[in-house]
*Asks:* 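Okay, here's the structure, questions in a sec.
Quick note: residue numbers are just sequence positions, from 1.
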Amino acid sequence: MKDIHDVLRRKQAKYAQLGKQIEMLQQAAEKLREVAPLLAENDDDDGAILADVDELTPAAKPAAASASAPAAPAKPLARGVAPRWP
């Protein structure tokens, strides 16, 4: 049977942790409210940046095509040898 004091202590610790998380989320929401108007003003600038990126992509396509070329098939593992994960 569980000790009632231990259960109560754990519940209080969890309650305190949730209270801190709520406070941090409220602070983050406040900061986001401050930044949101700035982000809305920069929407026009984003179109120019995206146009610059679109101009660069045709030059990058040959490099991406060679990078996505199929690789040589892997050799089968010898019996009893487990694959090594990095």
*Asks:* Is Lys14 close to Arg10 at the side-chain level, that is, under 4.5 Å between some pair of heavy atoms?
*Replies:*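 Not in contact.
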
*Asks:* Surrounding CD1 of Ile4 (heavy atoms of other residues, nucleotides or ligands, distance under 6.0 Å), is the total greater than 12?
*Replies:*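 No, the 6.0 Å shell around CD1 holds no more than 12 heavy atoms from other groups.
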
*Asks:* Would you mind reporting whether Val7 and Asp3 have side-chain heavy atoms less than 4.5 Å apart?
*Replies:*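 Sidechains of Val7 and Asp3: no contact.
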
*Asks:* In Å, rounded to the nearest 0.5 Å, how long is the span from NZ of Lys11 to CG of Leu8?
*Replies:*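 CG of Leu8 is found 10.0 Å from NZ of Lys11.
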
*Asks:* Answer yes or no: is there an ion pair linking Asp6 with Lys2, defined by an N-O contact shorter than 4.0 Å?
*Replies:*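 Result for this pair is no, no salt bridge flagged.
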
